[in-house]
Amino acid sequence: MKILYALIFAISINLYSQSIFEKEPDVRVRIIESADTLRMNFHGRWVSKQATHAGILTGSSGEALFFVKEGRIFMTAENITSPCDGPKVFFRYGKAGDEIEIKDVPYGTGWWWGGREDRLYEGEISIHLDKSGEMSVIVKLPLEQYLKGVIPYEIGGDAPLEALKAQAVAARSEAVVALESGMYSGPGYDLTSDVECQVFSGNKKRTVNSDRAVEQTRGIALSEQDKVINAYYASNCGGASEIIKYVWPDRPRAATYMEARKDHSGDRQIDLSDEDNAEKWILSEPEVNCNPNLGTALPSWSQKNFRWKREYNINEISETLSAGKDYGKLLAINPLKRGKSGRIYHASFQFENGSFQTTGELAIRMLFHPPLRSSCFIADKTDSSFILRGAGWGHGVGMCQSGAVSIAKNGGDFKKILNHYYPEAGIINIYPAKK
């Protein structure tokens with residue numbers, strides 16, 4: 001059966017021409033929420049759709065400042081301050097290649113690698129007042145153009161072309177399901193731009209190859225029974241993928257996510273739910289695609305995430321995990337249930353003056369500050385500290401981005417990568433070829 005699926009997958013790009021959309025859809029992506037001020041530079045010719053700011057804003061206009069006062073959006077440009085029309089402001093680019101630079105865009109909010117940076121965007125930009133009376137920024141652009149702002153941030157613009165192409169197909173599939181289901185939508189937007197959805201960060205890190213990967217896979221998405229599936233992916237699986245029910249028990253269970261797999265071309269099934277097996281696995285160097293120590297040069301972000309270690313002072317971790325309650329010192333972290341990849345999804349935290357339990361792979365990671373790379377870890381206690389040793393970065397469902405890079409560097413094409421990580425899926429064209 002596995003061989004049959006592989007054969008179907010290898011030729012499915014020629015077999016399936018089903019179109020979900022009559023033409024390429026636009027997507028609306030929220031890139032900033034709840035800002036009280038915004039600073040922008042206009043590169044090229046941008047048309048303001050506001051009556052009070054009708055006309056052209058260009059790079060010569062200098063920096064524009066937007067702020068909220070008494071429930072209205074105000075704009076300062078060319079040393080003139082005036083109120084905007086109503087609770088929304090729209091800007092449309094004049095031609096392809098015109099960009100808006102937005103200053104200090106937040107990213108990775110709540111994670112250790114989070115921060116702010118200046119980013120470049122194209123499309124139609126709108127600024128809205130949200131329910132809290134602060135500004136949200138939404139960019140509207142064609143789906144394929146959106147993907148060009150996703151791929152280099154998700155897997156790195158310098159990844160091999162075939163890995164970039166696999167990432168493009170996965171990201172397109174995720175976007176299509178999100179558009180159809182509305183799972184990430186809100187007032188005026190379809191998708192968000194950070195890790196809860198897909199990282200969309202505009203044009204700043206685009207490369208020739210990352211753009212080429214989108215163009216060469218245009219309209220291709222992953223499917224089961226001719227229906228596009230969520231093409232989940234994460235940075236580094238730690239050597240084994242996870243079954244979806246242990247990560248997202250309430251999400252549709254596509255057949256391709258119903259089995260745990262070792263990240264290797266040989267062994268397909270693996271069970272690390274046993275505590276002893278999980279500990280041996282975490283402390284080992286398994287021969288898997290995403291292991292950066294086996295000869296294939298992997299990116300730096302992958303090298304430090306395959307196996308990791310974090311040490312906490314007992315007082316520090318006790319205060320963090322007790323979340324303000326008078327539990328006293330932490331005595332033990334007890335895994336109660338692990339998924340097939342070794343990821344903990346039910347854990348007990350024992351203190352001097354009580355205990356609590358937490359369910360959910362992400363919920364367990366988020367208890368720590370900063371959040372853990374994955375919930376596949378073991379915890380050892382000394383007299384003064386807790387030492388956590390773990391495997392992988394992310395939920396482990398679907399494609400391992402580190403493994404995809406490794407397969408590509410060893411000669412595999414994007415179809416081989418997708419077949420490895422989504423073995424029950426085929427591929428379809430979601431809209432007609434561009435004329």
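All figures in this text were calculated on a predicted structure; none of them were measured in a lab.
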Consider only side-chain N and O atoms of [X] and [Y], and report whether a donor and an acceptor are under 3.5 Å apart.
X: Arg30; Y: Ser193; answer: no
X: Glu242; Y: Ser341; answer: yes
X: Ser402; Y: Asn305; answer: no
X: Asp263; Y: Tyr421; answer: yes
X: Tyr345; Y: Arg343; answer: no
X: Tyr233; Y: Gln198; answer: yes
X: Asn209; Y: Thr207; answer: no
X: Gln167; Y: Gln401; answer: yes
X: Glu311; Y: Ser385; answer: yes

Distance-minimising heavy-atom pair for [X] and [Y]:
X: Gly188; Y: Ile138; result: O-CD1, 3.5 Å
X: Asn236; Y: Cys290; result: ND2-O, 3.4 Å
X: Asp190; Y: Asp26; result: OD2-O, 4.5 Å
X: Gly44; Y: Asp98; result: CA-OD1, 3.5 Å
X: Asp194; Y: Gly108; result: OD2-N, 2.9 Å

Check this for me: does any side-chain nitrogen of one of Asp118 and Lys103 sit under 4.0 Å from a carboxylate oxygen of the other? yes
Discussion item. Between Glu162 and Lys165, does any NZ, NE, NH1 or NH2 come within less than 4.0 Å of an OD or OE carboxylate oxygen?
Written reply: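 Glu162 and Lys165: salt-bridged.
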In this structure, are over 12 heavy atoms from other groups packed under 6.0 Å from Lys245 atom NZ?
->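 Count not over threshold, so no.
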| Within a reach of under 6.0 Å around CD of Glu287, are more than 12 heavy atoms found that belong to other residues, nucleotides or ligands? | no
Next item on the list: Hey, could you give me the NZ/CG distance between Lys148 and Asp211, rounded to the nearest 0.5 Å?
Entry: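 Rounded to the nearest 0.5 Å, the NZ-CG separation comes out at 4.5 Å.
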If you round to the nearest 0.5 Å, how far is CD1 of Ile100 from CD of Glu124?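 Spacing of CD (Glu124) from CD1 (Ile100) equals 10.5 Å.
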* Asked: Looking at Phe386 versus Tyr312, is the centre-to-centre ring distance below 6.0 Å?
  ->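 For Phe386 and Tyr312, the ring centres are not under 6.0 Å apart.
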Tyr153 ring center within less than 6.0 Å of Phe200 ring center: no
Criterion side-chain hydrogen bond (donor to acceptor under 3.5 Å, both in side chains) on Ser273 and Arg338, from CA distance to verdict
CA-CA 5 Å; Ser273 59; Arg338 290 183 183 268; over 6 Å; no
Between [X] and [Y] (side chain of the first, backbone of the second, donor and acceptor by atom type, cut-off under 3.5 Å), is there such a pair?
X: Ser302; Y: Leu298; result: no
X: Ser185; Y: Gly182; result: yes
X: Asn419; Y: Lys415; result: no

Note to self: Working note: Phe66 + Val137, criterion side chain to side chain contact (heavy atoms under 4.5 Å, CB included); need CA distance, chi angles, decisive distance, verdict.
What the structure shows: CA-CA 11 Å; Phe66 295 86; Val137 182; over 6 Å; no
Checklist entry - How are the rings of Trp308 and Phe377 set relative to one another: parallel (under 30°), tilted (30 to 60°) or perpendicular (over 60°)? => result tilted
With under 30° as parallel and over 60° as perpendicular, where do the rings of Trp248 and Tyr232 fit, or are they tilted in between?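 The rings of Trp248 and Tyr232 sit tilted, inter-plane angle from 30° to 60°.
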Given the options Glu154, Glu144, Glu24, Arg172 meets salt bridge (Lys or Arg N to Asp or Glu O under 4.0 Å) only with Glu144
In short, salt bridge (charged side-chain N to carboxylate O under 4.0 Å, His left out) pairs touching residues 127-143 with sequence neighbours left out are none
Distance to the ring centre below 6.0 angstrom and angle to the axis at most 45 degrees; does that hold for Arg389 and Trp281?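 Relative to the ring axis of Trp281, which defines the angle, Arg389 lies outside at least one limit.
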| Can you name the residues that form a salt bridge (Lys or Arg N to Asp or Glu O under 4.0 Å) with Glu361, not counting sequence neighbours? |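 For Glu361, the residues satisfying salt bridge (Lys or Arg N to Asp or Glu O under 4.0 Å) (neighbours in sequence not counted) are Arg365.
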